[in-house]
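Scroll down for the structure; my scribbles are underneath it.
So that the names make sense, note that chain A is the first sequence line, chain B the second, and so on, each numbered from 1.
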Amino acid sequence: MAAFWNSFDSEISGCDCLGDSHLRQAPGDSIASVPYISVTMAAKKENSDDEVDEKVKKYLRGEAANLEGVKDKKLKGQLAVREDLYGKSAKTAAKIEKWLLPSEGGYLEAEGIEKTWRIKQESIAREVDILSSRNQYDIVLPELGPYTLDFTSNGRYMAAAGRKGHLAIVDMKTLNLIKEIQVRETVRDVAYLHNELFFAAAQKKYPYIYNREGTELHCLKEHGPVLRLQFLKNHFLLASINKFGQLRYQDVTMGEMIGNFRTGLGRTDVMQVNPFNGVVALGHSSGTVTMWKPTSSVPLVKMLCHPGPVSSLAFHPNGHLMATSGRENKIKIWDLRKFEVIQTLPCHAKTLNFSQKGLLAAGTGSFIQILADFSGSQNYSSYMTHSMAKGYQVGKVLFRPYEDILGIGHSMGWSSILIPGSGEPNFDSWVANPFETSKQRREKEVHSLLDKLPPETIMLDPTKVGTVRVPQKKEKPTKKDVEAEMEAAIETAKDTEFKKKTKGRNKPSKRAKKRREMIDKAKRPFLEQQTQEHETSRKKQKTNPETEMPKSLQRFVRQKAT
Amino acid sequence: MKVKVISRSTGEFTRERSQDLQRVFRNFDPTLRSQEKAVEYVRALNAAKLDKIFARPFIGAMDGHRDSIKCMAKNPNYLKAIFSGSDDGDIRLWDMASRRTVCQFPGHQGAVQGLTVSTDGSILVSCGSDCTVRLWNVSDANVADSDYLSDNSAKPQAVYVWKNAFRAVDHQWDGDLFATAGAQVDVWNHNRSQPVNTFDWGSDTTISIRFNPGEPNILATSANDRSITLYDLRMSSPARKVIMRTKTNSIAWNPMEPMNFTAANEDCNCYSYDARKLEEAKCVHKDHVSAVMDIDFSPTGREFVTGSYDRTVRIFQYNGGHSREIYHTKRMQRVFCVKYSCDASYVISGSDDTNLRLWKAKASEQLGVVLPRERKKHEYLEAVKNRYKHLPEVKRIVRHRHLPKPVYKAANLRRTMIEAERRKEQRRKAHSAPGSIMTEPVQISLKSVYEMRLRRHAKFSNVPLPPNKQDNYQYYIKLKLGTVPACNLHLYVQNHQPQPALNRKHEISPASVK
């Protein structure tokens with residue numbers, strides 16, 4: 001049985017290569033200059049084979065289980081069949097990709113001596129279609145800024161919150177303002193809940209939940225003066241960090257408070273949820289980044305990332321990369337599987353965000369830089385830049401899901417620019433549908449509530465769910481523990497009440513004798529165990545040096561002082 | 001500069017007219033769905049809970065008999081018909097869809113003990129304690145008759161009176177022979193008023209009989225002397241015999257693996273055997289707390305249903321040590337007969353309280369027409385549940401069954417007793433000389449048959465028995481053949497099984513002993 005579990009374990013936990021899709025080589029640039037057609041064809045075929053392999057790898061979700069250790073033949077057969085099935089389904093999924101995923105992603109390629117990071121938004125606007133060029137705009141609202149933003153998971157709606165109490169909901173498809181309210185107090189952050197009907201705003205004293213019409217639904221008093229809000233959409237948890245450095249989790253379906261933890265590392269407004277596993281990361285002024293789950297009061301991970309305060313952090317959607325920026329003008333990119341720095345970039349960032357395709361946006365002052373790794377070696381380099389009007393202070397950059405658009409919240413309102421190649425071109429209607437009708441939304445809400453995950457499923461490696469923990473070695477009780485146990489046993493033996501016996505058997509001497517016997521009986525197992533252990537240890541000592549020597553030489557072995 | 005950005009026009013991604021279906025786009029990229037495994041686990045858990053909620057296995061009772069129901073027979077030709085015979089001599093044909101009596105077959109004096117239908121479904125054979133075998137013509141007209149109100153009663157096509165009371169009857173597959181069990185095993189032809197062949201091995205009453213579905217000439221019987229015997233109609237004598245510790249009430253052949261059969265035993269267990277290797281049971285199916293009275297295989301061969309004296313019906317996997325399902329109601333009394341329906345989706349039980357009960361074979365299965373999307377969803381949930389069935393929470397929910405209090409208590413008691421026995425055995429072994437205590441298998445195998453014969457032989461011929469029990473077998477063989485190397489014993493048993501040496505009539509004479 002143990003072998004079975006081990007194999008199962010390896011099958012399930014071997015999913016480390018899940019996120020390696022970003023290692024994929026950029027296709028189709030090596031063959032363009034080959035003059036011979038036949039060679040080109042062969043190269044093309046080889047290249048396409050490689051591509052298919054990469055795709056299959058993506059769908060395999062890890063390596064196959066090693067079945068060699070499985071002793072049960074029947075189980076081995078069953079598992080082999082299962083593995084075969086997984087392989088087949090991954091292959092099929094890779095094969096049908098070209099029909100299922102018809103849309104190609106965006107791109108920006110420089111020609112000649114052009115450099116992609118010198119291309120301005122205006123020149124992009126001239127090249128793209130009207131529909132896309134409508135997505136470049138600046139909304140100037142100088143009185144109520146700085147603004148912060150949040151998108152729904154399908155990217156259709158945006159909530160914008162101005163520091164001075166301005167809350168707005170915008171339909172990004174039609175660019176219609178759906179609702180706008182003024183709450184007349186400081187608003188520090190805004191976060192959408194599971195769909196566009198509800199959003200939470202962190203206000204001066206408490207966070208509040210509003211609906212789409214701007215009606216206040218809940219005041220979450222327990223959270224206190226919240227600085228950052230994040231919503232975990234698989235778990236329906238609203239996570240908040242307040243001025244006193246307290247991290248709180250609240251279940252928004254039942255209203256139950258799931259976790260309330262003092263970070264003990266001071267005030268911070270750097271908080272980000274890892275979308276891959278639901279772990280909340282906090283960046284602190286001491287330069288540490290801590291990662292939390294709602295079921296433990298101590299952080300899962302505490303890592304020193306920067307010598308100075310952490311100014312922002314972001315997670316790659318595949319969960320294996322984290323970008324942090326410190327006040328010492330460094331952006332660091334971390335591999336979360338090894339907790340190692342992959343790359344250190346010398347630039348400052350007040351805000352960071354990863355796009356669905358893995359582009360990293362960094363905003364500071366009125367300047368925004370987009371970093372990308374097209375080489376596949378996780379080597380991020382400058383891809384695009386964007387400068388806003390002088391004096392604008394960028395507060396938040398956020399890629400819009402399923403679009404090549406970057407939303408920017410700044411001190412004078414909010415803006416939107418085009419970043420080709422940032423968004424996932426093909427959406428899944430059952431995961432997030434930008435063209436969702438209200439009926440579909442209602443159905444999805446029911447389904448997502450049925451699939452709501454319990455808070456215990458938040459862990460660093462989410463593929464560990466459903467595996468069996470390998471039993472730990474039983475620790476030997478210490479001498480003190482054994483003694484304490486014996487004492488307790490003696491005490492209980494002493495305290496036992498005797499039944500009133502018939503005349504003659506109830507004499508004090510008899511009772512005392514009985515009690516002594518009972519105490520001895522209680523002691524006996526402990527003493528026996530002690531002597532047994534003593535003997536075994538003595539035997540060990542005895543056998544060790546002597547067995548190595550021939551018998552005639554054993555008398556020369558020096559006796560150790562015991 | 002070459003540039004392209006994602007640009008979706010609304011028209012391409014939404015339906016054109018309001019009558020159209022909504023357009024669906026799929027992307028199976030694992031990064032779009034985070035925490036897939038956790039979601040799957042939650043779905044498995046919910047599916048297990050929903051299964052519990054929808055578990056309503058009891059469909060209805062069929063009321064009409066005036067005494068306890070002793071036997072049932074399926075009509076292989078007609079899905080919704082079932083015959084039942086009761087202790088007062090009444091035989092009824094039921095329509096399971098409407099749960100009403102279609103036809104009655106009066107005539108038996110005393111209990112009807114066995115019912116069977118020919119493979120083409122045209123002839124019903126019944127036998128009873130009144131020493132008669134009756135053949136009834138079951139025409140399609142009275143099976144499919146919708147006129148329930150008229151009191152349909154049939155007349156027997158033939159009545160054969162024989163010497164002693166019958167206990168069971170079974171019809172050959174694809175043939176016109178049937179066999180009755182009683183004081184001996186009789187093989188009958190439809191057209192002859194006397195048995196065409198008679199078998200006998202041992203003096204006790206044979207209580208159940210079942211033809212092999214794959215090999216029509218082989219039949220298995222169980223008798224009151226705790227034995228299970230296999231017969232081959234092509235030979236003049238019985239083929240093999242196993243003697244168990246307690247008697248076997250009923251036998252069922254696996255229709256998909258016809259070399260295997262399962263025996264319902266008095267000691268609360270069922271034993272699956274390979275008919276070619278009777279040395280040991282392939283699987284022991286435990287869970288009942290009282291004698292198992294009847295057993296029937298599903299036509300798929302993957303499951304069988306048992307009815308027990310503890311007032312419950314259980315469904316087992318063909319290779320599962322414990323039951324998959326337990327069915328009980330407050331009113332159901334001792335279950336004497338059970339049948340799996342011919343489409344493997346229903347179970348029928350007949351019990352002491354004069355009712356037949358109709359159950360679903362899968363307690364939470366949805367009846368009626370299932371839409372393709374529904375079916376897919378069911379399949380998905382089944383697969384997910386199967387994937388996470390080992391996890392403690394899912395396992396707990398899937399395994400849990402509400403038991404009636406007496407059964408629960410009896411099961412606890414039984415467990416305690418077995419555990420105590422095992423402990424005692426262990427201690428005895430630990431305190432004896434190594435090798436002096438042999439653990440015996442649950443059933444006494446062929447070897448013991450020899451031993452028994454040897455004892456009898458010794459008794460009659462005054463030959464001293466060897467002191468060690470272990471030597472008996474070899475000694476017996478030596479007795480038989482002079483010198484047989486020990487390693488060939490197995491072969492010997494296999495090859496010489498049907499020879500008269502095994503038969504009681506041809507006991508070894510003392511003269512042959514050297």
Side-chain angles (χ1 to χ4, degrees), chain A residues 8 12 18-19 21 58-59 61 93 100-101 103-111 114 119 123-124 127-129 131-132 173 234 275-278 317-319 356 402-404 418 420 423-435 437 440 450-454 457 462-463 465-466 468, chain B residues 1-16 18 20-47 49-50 282-283 317 319-320 373 376-377 380-381 383-395:
Chain A
F8 214 66
I12 288 152
L18 196 146
S21 55
K58 178 173 79 177
Y59 290 111
R61 297 164 166 88
L100 275 189
L101 312 181
S103 318
E104 267 182 51
Y107 53 81
L108 176 66
E109 281 171 21
E111 283 171 336
E114 271 180 338
I119 295 169
S123 45
I124 290 175
E127 300 283 327
V128 297
D129 56 339
L131 209 66
S132 305
K173 190 102 254 161
N234 282 340
F276 172 65
N277 53 15
N318 70 18
Q356 280 177 317
Y402 303 103
E403 294 284 352
D404 284 342
L418 289 177
E424 169 65 49
N426 297 290
F427 60 88
D428 190 314
S429 302
W430 306 115
V431 175
N433 185 0
F435 299 94
T437 61
Q440 286 173 326
L450 281 174
D451 294 343
K452 181 186 140 186
L453 302 183
T457 55
T463 54
V465 174
V468 171
Chain B
M1 179 182 72
K2 280 199 280 187
V3 64
K4 179 183 177 284
V5 291
I6 299 166
S7 162
R8 298 189 184 96
S9 63
T10 317
E12 273 175 57
F13 290 89
T14 51
R15 55 184 178 181
E16 281 173 19
S18 58
D20 291 353
L21 290 173
Q22 293 288 357
R23 304 191 63 183
V24 170
F25 299 88
R26 303 309 310 266
N27 184 355
F28 295 108
D29 193 346
T31 50
L32 287 188
R33 300 161 177 78
S34 55
Q35 295 188 290
E36 276 175 312
K37 286 199 73 181
V39 171
E40 268 187 3
Y41 170 69
V42 167
R43 282 178 185 160
L45 200 62
N46 287 343
K49 288 176 186 169
L50 284 179
K282 281 174 61 152
C283 188
Q317 303 278 354
N319 55 0
R373 264 178 77 188
K376 259 185 201 161
K377 177 84 178 169
Y380 173 77
L381 291 180
V384 169
K385 224 167 47 182
N386 189 39
R387 187 169 184 189
Y388 291 96
K389 67 184 170 197
H390 304 292
L391 295 189
E393 192 70 352
V394 179
K395 198 171 165 185

Exercise. Using non-hydrogen atoms only, which part of B:F25 is less than 4.5 Å away from chain A: side chain, backbone, both, or neither?
Worked result: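 It is both, since atoms from each part get that close.
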
Exercise. Side chain, backbone, both or neither: which part of B:V39 has an atom under 4.5 Å from a heavy atom of chain A?
Worked result: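 For B:V39, the contact with chain A is made by backbone and side chain together.
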
Looking at [X] and [Y], what are the two nearest heavy atoms and their distance?
X     : Y      : result
B:V5  : A:D404 : CA-OD2, 3.3 Å
B:V3  : A:P420 : CG2-CG, 3.6 Å
B:I6  : A:G423 : CD1-O, 3.5 Å
B:M1  : A:E114 : N-OE1, 3.2 Å
B:L32 : A:E424 : CD2-CG, 4.3 Å
B:K4  : A:G105 : NZ-O, 3.8 Å

For this session: Step through the shown structure and confirm whether more than 12 heavy atoms of other residues, nucleotides or ligands are within 6.0 Å of NZ on A:K173.
Result: yes

For this session: Would you indicate whether B:E16, at its atom CD, is surrounded by more than 12 heavy atoms from other residues, nucleotides or ligands within a distance under 6.0 Å?
Result: no

Exercise. Hey, which of B:T14, B:T10, B:L45, B:N46 has the most heavy atom pairs under 4.5 Å with chain A?
Worked result: B:T10

Quick check for you: to the nearest 0.5 Å, what is the distance between [X] atom [atom1] and [Y] atom [atom2]?
X      : Y      : atom1 : atom2 : result
B:T31  : A:K58  : OG1   : NZ    : 7.0 Å
A:L100 : B:F28  : CG    : CZ    : 5.5 Å
B:D29  : A:N318 : CG    : CG    : 10.0 Å

For this session: Might you work through the side chain to side chain contact (heavy atoms under 4.5 Å, CB included) test for B:V24 and A:W430, ending with a clear yes or no?
Result: CA-CA 8 Å; B:V24 170; A:W430 306 115; 3.8 Å; yes

N/O donor-acceptor pair under 3.5 Å between [X] side chain and [Y] backbone:
X      : Y      : answer
A:N426 : B:N27  : no
B:Q35  : A:N234 : no
B:R8   : A:P425 : yes
A:S132 : B:S7   : no

Of the backbone (N, CA, C, O) and the side chain (C-beta and beyond), which part of [X] lies under 4.5 Å from a heavy atom of chain B, both, or neither?
X      : answer
A:K452 : backbone
A:D451 : both
A:E403 : both
A:L453 : both
A:Q440 : side chain
A:L131 : side chain

For this session: Over 60° means perpendicular and under 30° means parallel, so classify the ring planes of A:F435 and B:F13, tilted if in between.
Result: parallel

Exercise. Among A:Q356, A:E104, A:E111, who wins on heavy-atom pairs under 4.5 Å with chain B?
Worked result: A:E111

For this session: Among the options A:I124, A:T457, A:L101, A:V128, pick out the one with the most heavy-atom pairs lying under 4.5 Å from chain B.
Result: A:L101

Exercise. For B:K376, what residues pass the side-chain hydrogen bond (donor to acceptor under 3.5 Å, both in side chains) criterion, not counting sequence neighbours?
Worked result: none

For this session: Output all residues satisfying side-chain contact (heavy atoms from CB on, under 4.5 Å) with A:V431, sequence neighbours left out; order by chain, then residue number.
Result: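 With neighbours one apart ignored, the set is A:Y402, A:D428, B:R33.
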
For this session: Dump the intermediate steps for salt bridge (Lys or Arg N to Asp or Glu O under 4.0 Å) on B:K2 and A:E127, then the final yes or no.
Result: CA-CA 8 Å; B:K2 280 199 280 187; A:E127 300 283 327; over 6 Å; no

